[in-house]
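Order of the sequence lines sets the chain letters (A, B, ...), proteins ahead of strands, with each chain counted from 1.
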Amino acid sequence: MFALVDGNNFYVSCERVFRPELATRPVIVLSNNDGCAIARSNEAKALGIKMGQPWFECRDMERQHGLIALSANFALYGDMSDRMMSIAGQYAPRQEVYSIDESFLSFDGMDRLYHGGLLATGRALRTKVLQWTGLPTCVGFGPTKTLAKLANHIAKTAERKPGSYPVEYAQVFCLACLDPMQRATALAATDVGEVWGVGSRIGAKLKARGIKTAHDLARADAKALRREFSVQLERTVLELQGTSCINLEDVPPPKQQIACTRSFGKPALSLTELLEAITEFTARAAEKLRRQTSGASSITVFIRTSPFRKDDRQYSRAVTVPLVCPTSSTQPLLQAAGAGLRSIYLEGYKYAGAGVMLNDLVLESTEQLDLFGAESATPMHPGTQTKGSCHSTHLMSAIDHLNTRYGRGTVVLGSAGLGGASRSWSMKRERLTRQYTTDWTQIPVAVA
DNA sequence: TCTGGGGTCCTAGGACCC
DNA sequence: TCTGGGGTCCTAGGACCC
């Protein structure tokens, strides 16, 4: 038996914990450059604001409907998430943290033990998370991860849209606890597009074939759908039928790729501006890389104009630069990224976004850590997986430590040819200043 | 004119998730 | 004026090999 615990409107709920006066207002949280809505309160959803909707499109609702738009504070959300996860994790032997606001719990072999008590367990969990963190959650139980997700969806929807499902399904709901008739009714009331693994494209194709609800999909021929679509959809059907195909991953596998990319608040024209952005992205990505003690074998840099500005000349290009040997050190990554950027940069375009990706990650074994900063790396021989750290891990861990303690950007490495320039490329702070006029203590302070 | 069959590796692109 | 930022897996097709 699985449970899925999910924070309701997570980013908005985090903000409301510290600003209770927003409790009944329509609230959205905006992406990096206040570009679009990435979280919406129920009231904002009721106004018709869509996920990912550009801010300029819903801006007039500030006046008309008292909509509150907040700039995202990801450090806060990460912290709240940690607290929520650790409380939820106390209710089951195993937990998989699936995203910032969701975790799967596994009640392996406890099906009989818990059958009557599942709902009680879910309610206790929900109450404790609410009491200790202030975050509202919904809990869904099912014999597979896909069914637990579906149960969670029903729990959320039953609460938010009265009449969509029986009221007693709200907040904490167990698909496994229903009789077959009730279960069929619940699945038949659920759009096929709500099933985990069915997105908009496949959802539309399924509907064209008469598979319109979760119930239809559960009764479909898994093998036929595999031929027509993919093995993934076959797995989804089997999971809906109660056959577990997707395991709980309680130890997250190391990332295969680490990216740091952004859209710009204002278009960037010059190579210098792009270098500043790429330098920051590379430093951030390298930090993530060191956190999972991996090294990257190559780095990809991309720059692009805005696909939304049809009148502008479009340009989008990426380049992948191999590293001499896998490394997690910022300096060689910066050099490679800078060289890559110079090779693809063309003058005369309005660049709207850029990013770096670290590829072909290899795990760094501790014995090979180069603690004294000497360039004593063992060279990477073709065909072998041995690797060494090319640059000073000592220096890098010192920088990471300072940045963790005193705030991001306290210590930065200059990129090749930039002479350590570190003016922020982001326009965010100016906009924050405008948004938080009511409470100046809320304005994040940039560390020099 | 006619032009095997099977295997691997790599990459690009599509689909999905939050 | 202004349009997120991460990730995953799978598949198809090309290159190459014997």
Side-chain angles (χ1 to χ4, degrees), chain A residues 4 6-11 28-40 49-60 62 69 71-72 74 77-78 81 96-104 145-146 149 152-153 156 192-206 225-236 245-246 249 252-267 277 281 284-285 288 292 298 300 302 304-312 316 318 320 350 352-361 383 426-428 430-431 434:
Chain A
L4 181 74
D6 179 316
N8 300 347
N9 313 329
F10 189 68
Y11 297 164
I28 57 175
V29 170
L30 298 171
S31 64
N32 251 318
N33 288 298
D34 296 337
C36 65
I38 55 173
R40 305 157 294 154
I49 297 172
K50 299 275 174 269
M51 187 66 175
Q53 186 164 355
W55 170 225
F56 68 83
E57 282 180 17
C58 35
R59 196 169 214 165
D60 50 331
E62 257 182 324
S71 288
F74 292 107
Y77 311 149
S81 171
E96 171 188 339
V97 176
Y98 177 67
S99 75
I100 193 161
D101 68 331
E102 283 175 68
S103 71
F104 285 102
K145 286 170 89 174
T146 302
K149 279 282 272 188
N152 181 277
H153 168 77
K156 273 189 293 195
V192 71
E194 302 295 346
V195 175
W196 191 37
V198 178
S200 58
R201 303 290 178 89
I202 290 177
K205 287 185 189 169
L206 286 174
L225 288 180
R226 175 186 184 137
R227 281 192 300 274
E228 241 180 302
F229 293 87
S230 67
V231 292
Q232 325 230 54
L233 191 59
E234 180 191 28
R235 274 200 279 268
T236 297
C245 313
I246 307 173
E249 285 185 7
K255 298 231 187 311
Q256 303 177 28
Q257 183 181 61
I258 288 172
C260 186
T261 73
R262 292 283 181 283
S263 296
F264 303 143
K266 248 188 190 170
F281 301 161
R284 297 267 297 272
K288 295 187 203 170
Q292 74 162 28
S298 68
T300 301
F302 76 83
R304 58 165 179 82
T305 53
S306 170
F308 299 105
R309 300 193 56 84
K310 303 263 191 272
D311 296 342
D312 287 356
S316 169
T320 299
K350 293 179 186 166
V356 303
M357 284 174 261
L358 305 176
N359 316 304
D360 308 310
L361 307 187
S426 166
M427 298 301 294
K428 187 170 172 185
E430 281 175 36
R431 309 203 55 164
R434 280 214 319 278

Peer 1: Closest heavy-atom contact between A/Thr236 and A/Trp196?
Peer 2: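 Reported closest heavy-atom pair: CG2-O, 3.7 Å.
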Peer 1: Mind checking A/Gly52 for me? I need base, sugar-phosphate or nothing, with any heavy atom below 4.0 Å counting as a touch.
Peer 2: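 Counting heavy atoms under 4.0 Å across all strands, no contact is made by A/Gly52.
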Peer 1: A/Arg309 side chain N/O closer than 4.0 Å to the phosphate oxygens (OP1, OP2) of C/dT1?
Peer 2: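 Answer no for this pair, as no side-chain N or O of A/Arg309 is under 4.0 Å from OP1 or OP2.
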Peer 1: Given the rule that a pair is Watson-Crick or G-U wobble with both distances under 3.5 Å, how would you write DNA chain B in dot-bracket, using | for pairs to a different strand?
Peer 2: ....||||||||||||||
Peer 1: Measure the distance from CZ on A/Phe308 to C1' on C/dT1 and round it to the nearest whole Å.
Peer 2: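 My rounded result for the distance is 15 Å.
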Peer 1: Before giving the answer on side chain to side chain contact (heavy atoms under 4.5 Å, CB included), spell out for A/Gln292 and A/Ile258 the whole-Å C-alpha distance, their side-chain angles and the decisive distance to 0.1 Å.
Peer 2: CA-CA 10 Å; A/Gln292 74 162 28; A/Ile258 288 172; 4.3 Å; yes
Peer 1: Counting N and O atoms only, with roles assigned by atom type, does the side chain of A/Asp101 sit under 3.5 Å from a partner on the main chain of A/Phe10, one being a donor and the other an acceptor?
Peer 2: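 Absent.
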Peer 1: For B/dC18 and A/Lys149 - does any side-chain N or O of the residue sit under 4.0 Å from the phosphate oxygens OP1/OP2?
Peer 2: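 Yes, within the criterion.
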Peer 1: Separation of A/Phe10 atom CZ from B/dC18 atom C1', in whole Å?
Peer 2: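 These atoms are roughly 12 Å apart.
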Peer 1: For A/Arg235 and C/dC10, is the shortest distance between a side-chain N/O and OP1 or OP2 below 4.0 Å?
Peer 2: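 So the side-chain polar atoms of A/Arg235 do come within 4.0 Å of the phosphate oxygens OP1 or OP2 of C/dC10, strictly under.
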Peer 1: Can you tell me if the side-chain N/O atoms of A/Lys50 get under 4.0 Å from OP1 or OP2 in C/dT3?
Peer 2: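 No, no such contact exists.
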Peer 1: Using every non-hydrogen atom in the two residues, find where A/Leu30 and A/Ile28 come nearest and quote the distance to one decimal.
Peer 2: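 Closest heavy-atom pair between A/Leu30 and A/Ile28: CD2-CD1, 3.8 Å.
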Peer 1: If you look at every strand shown and take non-hydrogen atoms under 4.0 Å, does A/Val195 touch a base, only sugar-phosphate, or nothing?
Peer 2: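 Answer is sugar-phosphate: A/Val195 comes under 4.0 Å of backbone atoms only.
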Peer 1: Under 3.5 Å, is there a donor-acceptor pair between the side chain of A/Glu96 and the main chain of A/Glu249?
Peer 2: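 Such a contact is found between A/Glu96 side chain and A/Glu249 backbone.
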Peer 1: If you measure from the C1' atom in B/dC17 to the same atom in C/dG4, how many Å do you get, rounded?
Peer 2: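 Between the two C1' atoms, the distance is 14 Å.
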Peer 1: To the nearest Å, give me how far apart CD1 (A/Ile100) and P (C/dG5) are.
Peer 2: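 From A/Ile100 CD1 to C/dG5 P: 15 Å.
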Peer 1: Name the nucleic acid region contacted by A/Glu102, choosing base, sugar-phosphate or nothing; use a 4.0 angstrom heavy-atom cut-off, strictly under.
Peer 2: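 Contact class for A/Glu102: sugar-phosphate only.
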Peer 1: Starting at atom CD1 of A/Ile202, determine the distance to atom C1' of C/dC9, rounded to an integer number of angstrom.
Peer 2: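 It is 12 Å, rounded to the nearest whole Å.
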Peer 1: Let me know the distance between NZ of A/Lys205 and P of B/dC16, rounded to the nearest Å.
Peer 2: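 Computing the A/Lys205:NZ to B/dC16:P distance gives 8 Å.
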Peer 1: Any idea which of C/dG5, C/dG6, B/dC16 is nearest the A/Ser263 side chain?
Peer 2: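 Ranking C/dG5, C/dG6, B/dC16 by closest atom to the A/Ser263 side chain puts C/dG5 first.
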Peer 1: Want to settle it: does A/Ser230 or A/Ala259 sit nearer the 5' end of DNA chain C, counting the closest nucleotide to each?
Peer 2: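 Comparing both residues, the 5'-ward one is A/Ala259.
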Peer 1: Taking any heavy-atom pair under 4.0 Å as a contact, classify A/Tyr98: base, sugar-phosphate, or nothing.
Peer 2: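 Sugar-phosphate contact only - A/Tyr98 comes under 4.0 Å of backbone atoms but never of a base.
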Peer 1: May I ask you to say what A/Ser306 touches in the nucleic acid, namely base, sugar-phosphate or nothing, with a heavy-atom cut-off under 4.0 Å?
Peer 2: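 Result for A/Ser306 = nothing.
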Peer 1: Starting from C1' on B/dG13, measure out to CE on A/Met357 and report it in whole angstrom.
Peer 2: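 Spelled out: CE on A/Met357 to C1' on B/dG13 is 14 Å.
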Peer 1: What is the distance from atom OG of A/Ser71 to atom CG of A/Asn32, rounded to the nearest 0.5 Å?
Peer 2: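 Going from OG on A/Ser71 over to CG on A/Asn32, the span is 9.0 Å.
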Peer 1: Expressed in angstrom and rounded to an integer, what is the separation of A/Gln257 atom CD from B/dT11 atom C1'?
Peer 2: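 For the pair A/Gln257 CD and B/dT11 C1', the rounded distance is 13 Å.
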Peer 1: Please find the pair of heavy atoms, one from A/Ile38 and one from A/Ala72, that lie closest to each other, and give the distance.
Peer 2: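 Heavy atoms only, the tightest pair is CD1-CB, 4.4 Å.
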Peer 1: Whether A/Arg227 and A/Glu234 form a salt bridge (side-chain N of Lys/Arg under 4.0 Å from carboxylate O of Asp/Glu) is what I want to check.
Peer 2: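 Between A/Arg227 and A/Glu234 there is no salt bridge, as every charged N stays at least 4.0 Å from the carboxylate O atoms.
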Peer 1: A/Val231 side chain: which of C/dC10, B/dC16, C/dG5 is closest?
Peer 2: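 The closest nucleotide is C/dC10.
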Peer 1: Closest to the A/Ser31 side chain: C/dG4, C/dC2, B/dC18?
Peer 2: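 It is C/dG4.
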Peer 1: Side-chain N or O of A/Asn32 versus OP1/OP2 of C/dG4: is the shortest distance under 4.0 Å?
Peer 2: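 For C/dG4, neither OP1 nor OP2 has a side-chain N or O of A/Asn32 closer than 4.0 Å.
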Peer 1: What is the distance, rounded to the nearest whole Å, between atom CZ of A/Arg304 and atom P of C/dG4?
Peer 2: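 Whole-Å distance recorded here is 7 Å.
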Peer 1: Where each residue is assigned the nucleotide of DNA chain C containing its nearest heavy atom, which of A/Phe229 and A/Tyr11 is assigned the position nearer the 5′ end?
Peer 2: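 Closer to the 5' end of DNA chain C: A/Tyr11.
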Peer 1: Check whether any side-chain N or O of A/Arg304 sits under 3.5 Å from a backbone N or O of A/Ala352 as a donor-acceptor pair, and report yes or no.
Peer 2: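 Side chain of A/Arg304 to backbone of A/Ala352, a donor-acceptor pair under 3.5 Å: no, none is there.
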Peer 1: Answer with base, sugar-phosphate or nothing: what part of the nucleic acid does A/Thr261 contact at a heavy-atom distance below 4.0 Å?
Peer 2: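 Sugar-phosphate contact only.
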Peer 1: Run the salt-bridge test on A/Glu228 and A/Lys205 with the 4.0 Å N-O cut-off and return the result as yes or no.
Peer 2: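 Judged by the 4.0 Å cut-off on N to carboxylate O distance, A/Glu228 and A/Lys205 do not form a salt bridge.
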Peer 1: Identify which nucleotide among C/dG6, C/dT8, C/dC10 has an atom closest to any side-chain atom of A/Gln256, counting heavy atoms from C-beta outward.
Peer 2: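 For A/Gln256, the side-chain atoms sit closest to C/dT8.
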Peer 1: Of the nucleotides C/dG4, C/dC9, C/dG7, which has the atom closest to the A/Gln232 side chain?
Peer 2: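 Taking heavy atoms from C-beta onward, the closest nucleotide is C/dC9.
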Peer 1: Looking only at the side chain of A/Trp196 (C-beta and beyond, no hydrogens), which of the listed nucleotides C/dC2, C/dG7, B/dC18 gets closest?
Peer 2: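 Among the listed nucleotides, the one closest to the side chain of A/Trp196 is B/dC18.
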Peer 1: Return the nearest nucleotide to the side chain of A/Cys260; candidates are C/dC10, C/dG6, B/dC18.
Peer 2: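 So the nucleotide nearest the side chain must be C/dG6.
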Peer 1: Measure from the side chain of A/Ile258, starting at C-beta and using heavy atoms only, and say which of C/dG7, C/dG4, C/dG5 lies closest.
Peer 2: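 Among the listed nucleotides, the one closest to the side chain of A/Ile258 is C/dG7.
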Peer 1: Check every strand shown and say whether A/Arg226 touches a base, only sugar-phosphate, or nothing at a heavy-atom separation below 4.0 Å.
Peer 2: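 No contact.
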